[in-house]
Amino acid sequence: MSESKSSIIELDGVERHFGAVRALDGIDFAIRAGECVGLVGHNGAGKSTLMHVLAGTGIADRGEIRIGGTTESAYSVQRAHALGIRCVFQELSLCPNLTVAENTRIGHAALKGWRWNRRAADLIMAQLDEIFPGHGVLAGDVVGDLSIARRQMVEVARAFTVTDEPLRLVILDEPTSALDAHTAGQLLSFVRRKVGQGTSCILISHLLGEILETADRIVVMRDGKAVASDAARSFDRDRLVATMGGARELAEALQGATDRPADAPLMVSVQSNGHGSGTQLIAREGEIIGLAGLAGHGQTRLLLDLFEAAQHHRSGRHGAGTVVSAPAALVAGDRQTDGIFPLWSIADNIGVGSLKALRRGWLISAERERALAASWQQRIGIRTPDLDNNILSLSGGNQQKALFARALGSDARIVLMDDPMRGVDVGTKLEIYALIRDEARRGRTFLWYTTETDELDNCDRVYVFRNGSIVAELARHELTEEKVIQSSFAESGM
Amino acid sequence: MNYARLLRHLLPALSMALILIAIAWLNPRAISYFGFTLMLNLAIPIALATLAQMFVITINELDLSIGTFVGFVGCVTATWLRDAPLLGIAVLLGSIAVYAGLGALIHLRNLPSIVVTLGMSFVWQGLAILLLPQPGGKAPDWLLAVMGYKPPFVPFPIVAAVLIAVLVHFGLMRSSYGVVLRGAGGNAQAIGRAGWSLLRTKVTMFALAGVFGVLSGLALIGNTTSADANIGNGYTLLSVAGVILGGGEFVGGRVSPIGAVIGALTLALAASPLLTFMRVPPDWDVGANGIILIVVLAARTLIGRKGA
Amino acid sequence: MQFARNLFAKPWIWSFIGALGVWLAAVSSTGGHGGGGMITAALSLAVFMVIVGVGQMFVITLGPGNVDLSLAANIGLASAVAMKTMDGNDSLVALGLLAALASGAAIGAGNYALIRLLRIPPIIATLSSSFIILSIDISYGRGLQIKPPPGFADFTNIQVLGVPILAIGAVAFAACAGLVLQRMVYGRSVLAIGQNMRAARLAGIPVEPIRCATYVLSGVFGGIDGALLAGYFRGASVDIGNEYLLSSIAVVVIGGTSVAGGKANVPGIWGAALFLVLLLTMLNTFGVSAGMRLLLTGLIIVGVITAAGGRRAAR
């Protein structure tokens with residue numbers, strides 16, 4: 001009970017569903033003043049959803065939210081702000097058409113009246129100077145012109161600015177993903193200083209080293225629940241990975257993996273930065289190639305370029321210096337924007353990758369479509385009573401399986417994967433890893449961009465990206481998280 | 001400063017200069033106090049309608065009914081506002097309320113503004129025809145006095161244009177709530193997450209469009225003295241052209257009130273006086289509007305690509 | 001009962017029910033006379049709405065922001081082109097139809113060029129081109145009413161047992177369109193693009209060629225409509241297509257196609273066309289003025305789209 005009184009906010013048995021997806025499956029969470037909690041978990045464990053509930057931008061379907069011991073009946077964004085709870089989301093919340101000062105005004109209703117622009121500018125500049133000395137941002141800069149790194153700096157700084165509403169808890173979701181090592185370090189030491197002064201912080205990061213260094217307490221999430229909550233010093237990297245799930249099973253599964261013969265036909269060859277000066281990426285038939293590095297450093301761009309090159313190859317045009325010698329399919333990671341057709345059934349979503357092949361004469365054969373969907377349902381294990389149900393009736397993991405079925409069911413020999421395990425539960429991930437390895441054995445080539453370093457264990461070779469170019473090539477036997485992170489922060493060209 | 005953005009900001013002024021040079025070359029006597037007053041007297045209603053459209057475009061919507069709405073306001077002005085002023089005022093205020101209501105409807109039901117405003121364009125047109133089946137009516141005397149005012153040295157249309165542009169510029173680009181309104185066009189989700197009401201921003205912008213639509217209709221009748229139901233029909237396209245020529249973009253919340261007014265003046269010059277001086281056949285009056293809009297947008301695209 | 005429940009679940013059934021309701025109201029107001037004649041007249045006029053409605057449906061299904069506002073001008077120009085080419089000569093009918101088709105196709109291609117090359121949003125592009133086409137039509141047709149060849153005009157007015165031959169053709173046309181939509185690669189592609197353009201591209205669908213084809217198709221249907229209208233009304237004119245712009249969008253929306261794209265409905269176009277035509281006929285019977293007609297049409301559009309609602313934004 002005394003713990004309730006000293007908590008800023010408490011969640012009790014909170015659930016949040018999106019259709020059939022159980023993003024939060026009964027989670028208990030509490031945070032006290034002056035505490036830094038690190039939140040870790042695989043993609044799809046529910047971290048973002050938890051954040052949304054805490055920040056008031058997502059309504060819990062079930063469970064209680066308690067502030068200072070009393071239950072909240074109508075929690076909302078306004079209430080959260082009034083209580084001093086701020087959030088920096090992973091997708092940036094700045095308006096690209098407004099200046100830095102104007103965006104600061106957006107965050108504070110109190111910045112109005114005479115000379116509001118001057119006050120907003122002073123406020124944000126002071127905060128940027130405090131967190132990131134030497135930042136180089138001007139209050140009059142239009143956000144749309146700033147680099148992603150600078151935008152992230154502005155957004156983080158804005159979260160810490162104070163006008164009339166208090167600041168008690170700041171939630172940071174992957175705040176260093178766009179920052180280089182030096183700036184990331186500035187941010188984390190600032191967080192420690194602030195926490196020491198009594199402000200609480202929830203830090204979500206994939207970089208376990210950051211979490212272990214900065215947090216007082218670590219909460220591990222898995223499949224929508226909190227599976228561990230303990231002081232940071234009682235954790236080490238191995239314990240964290242084990243608790244997050246999957247490591248042991250994966251290690252066992254990989255024992256049967258074999259090496260590919262070195263003279264298999266060349267499937268893909270491309271200069272990593274298009275100017276002919278970066279390292280060359282090579283993929284041979286049957287290989288699984290990993291793309292690593294911090295998010296947004298050119299991996300997705302490369303996959304999209306290769307996809308386009310494959311399209312042109314089909315129609316006879318050839319790009320300069322890029323070789324893609326077979327049809328390619330792409331499995332998107334952001335299902336909503338890049339993959340799912342929300343009005344269609346599961347069968348339709350699978351069949352859309354093979355429309356020409358499903359024809360009999362001029363018309364698409366309903367029979368062939370059904371057969372294709374059914375065969376993949378069996379092979380990949382899509383859990384549904386009826387393939388004609390709408391795709392959104394599937395859980396997130398099964399939706400992703402449908403997208404895999406679409407790509408694998410087509411005639412593509414090269415499969416490009418853009419961080420496809422986002423929002424997928426651990427059990428599904430293991431099934432899909434096995435499927436990928438199986439398909440690779442049968443001669444398909446995979447290029448796999450992932451933000452989960454552990455997944456790279458599936459790959460034969462890994463290329464690490466930094467600022468749009470490849471800075472390192474690691475074979476499987478040299479692969480460790482430290483090496484990957486080191487290379488991610490390295491200056492390109494060294 | 002971004003090179004492309006600089007060019008985009010200068011485009012309206014450059015186009016206006018170009019048109020003025022062309023007019024001066026074709027008919028030097030047009031460049032005078034009297035000449036400008038004559039050429040630009042229809043520019044004020046166009047400028048007001050353009051600003052109305054600008055408000056709507058700022059929040060990533062489009063108003064395809066502004067033309068027929070201006071026509072409807074014109075018909076009300078030439079009839080009720082003169083003969084039964086209280087009724088006329090009530091109707092005009094009521095129509096602004098309707099505009100605000102449309103904003104709410106579009107937000108709450110997540111409706112596409114194209115279809116809603118296309119339907120509304122027929123509503124306003126129908127109402128205008130019901131009110132004035134034949135051209136006629138007469139503008140109220142006070143309106144004629146305002147629009148007929150002749151200030152010393154600078155022609156009235158220019159004075160009015162500058163005033164309107166400065167007013168809206170300060171309201172939208174410099175005020176603290178104007179930031180929220182523009183932000184709603186740039187990243188509505190961010191505005192919502194910061195705790196602002198997106199419903200209120202939509203209603204505000206549509207209401208402002210209604211207000212400026214009413215002002216445009218008043219100004220139009222103040223110039224033409226009588227009304228007819230179809231008088232505003234070309235304004236829909238002209239208003240969109242004016243916003244784009246003025247440096248605005250269809251999505252993203254990037255607009256410029258001053259640019260929009262300059263754009264409207266440029267179009268007013270290009271749409272009629274220039275064509276007359278160039279002796280374009282009357283068959284092509286309508287088509288010329290379409291070509292102008294395409295040329296404007298093409299110029300914008302090319303500039304955007306160069307600067308990119 | 002299962003059959004009835006399935007029937008009522010279909011989105012297009014409501015437009016037919018609406019049409020039936022209006023017909024009953026109109027018939028009851030005339031004391032039961034002329035019901036059959038009303039249906040025949042309605043079928044004749046609905047044909048022209050259906051033809052352009054199908055084209056508009058494909059365009060709208062491509063996704064939000066896609067609409068062809070050049071249809072009215074397109075129809076006007078096509079009617080003049082067809083009639084001038086036919087030149088009152090029955091042997092030139094085929095050539096005239098081809099010319100109208102070509103004119104429509106050129107307009108569609110022009111629209112797409114504006115959209116793609118100059119990156120002009122479809123609404124603005126088609127609106128601007130409609131003004132240009134109007135001017136072309138005015139100067140080309142010189143405002144004269146050009147008469148169709150007698151054989152062609154008679155053909156378009158033939159009725160078989162009270163059912164206009166054009167209506168039979170239009171029903172077959174709609175059936176083909178439905179097949180193309182659901183069972184051909186082109187139709188599936190349009191539906192995919194409308195739901196999620198980016199996902200469609202990443203699934204290997206050639207997005208830009210499909211969009212081009214769709215705008216050209218809409219133009220072609222406008223061209224056919226113009227030629228047929230000139231035959232049916234025995235003369236081409238600039239204004240002949242004016243009411244078909246809003247009608248084309250109305251029948252698509254009322255018929256159950258989603259304006260957000262990705263979901264389309266062909267039978268509903270017929271139901272909505274009948275509904276609109278019968279409504280206008282009823283209003284005419286009641287002696288409703290032009291202004292009132294416009295007002296009511298506009299209110300119905302706004303009402304229907306409000307009731308249907310838009311797509312909920314992705315979370």
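In what follows, chains carry the letters A, B, and so on, assigned in the order in which the sequence lines appear, proteins first and then strands, with residues in each chain numbered from 1. All values reported here derive from a predicted model rather than from experimental measurement.
- Side chain of A:Asn97 to backbone of B:Arg182: a donor-acceptor contact under 3.5 angstrom is found.
- For a residue to count as touching a neighbouring chain, one of its non-hydrogen atoms must lie under 4.5 Å from one of that chain's; by this rule A:Val142 touches chain B with the side chain only.
- A:Arg105 contributes atom CZ, which lies 8.5 Å from atom OG of B:Ser175 (distance to the nearest 0.5 angstrom).
- Atoms CG and CG, on A:Leu94 and B:Asn187 in that order, are 8.0 Å from each other to the nearest 0.5 Å.
- Taking each heavy atom of A:Lys112 and B:Ser176 in turn, the nearest pair found is CB-OG, 3.3 Å.
- Residue A:Ala80 does not touch chain B at all, counting heavy-atom pairs closer than 4.5 Å.
- Residue B:Ala190 comes nearest to A:Cys95 through the heavy atom pair CB-SG, 4.5 Å, listed as atom of the first residue, atom of the second, then distance.
- Within the 4.5 Å cutoff, the side chain of B:Met173 has no heavy atoms near those of the A:Glu102 side chain.
- If you run side chain to side chain contact (heavy atoms under 4.5 Å, CB included) between B:Val179 and each of A:Asn103, A:Thr104, A:Ile106, only A:Ile106 comes through.
- Contact annotation for A:Leu98: only side-chain heavy atoms (C-beta onward) come within less than 4.5 Å of a heavy atom of chain B.
- The shortest heavy-atom contact between B:Arg193 and A:Ser93 is NH1-OG, 3.3 Å.
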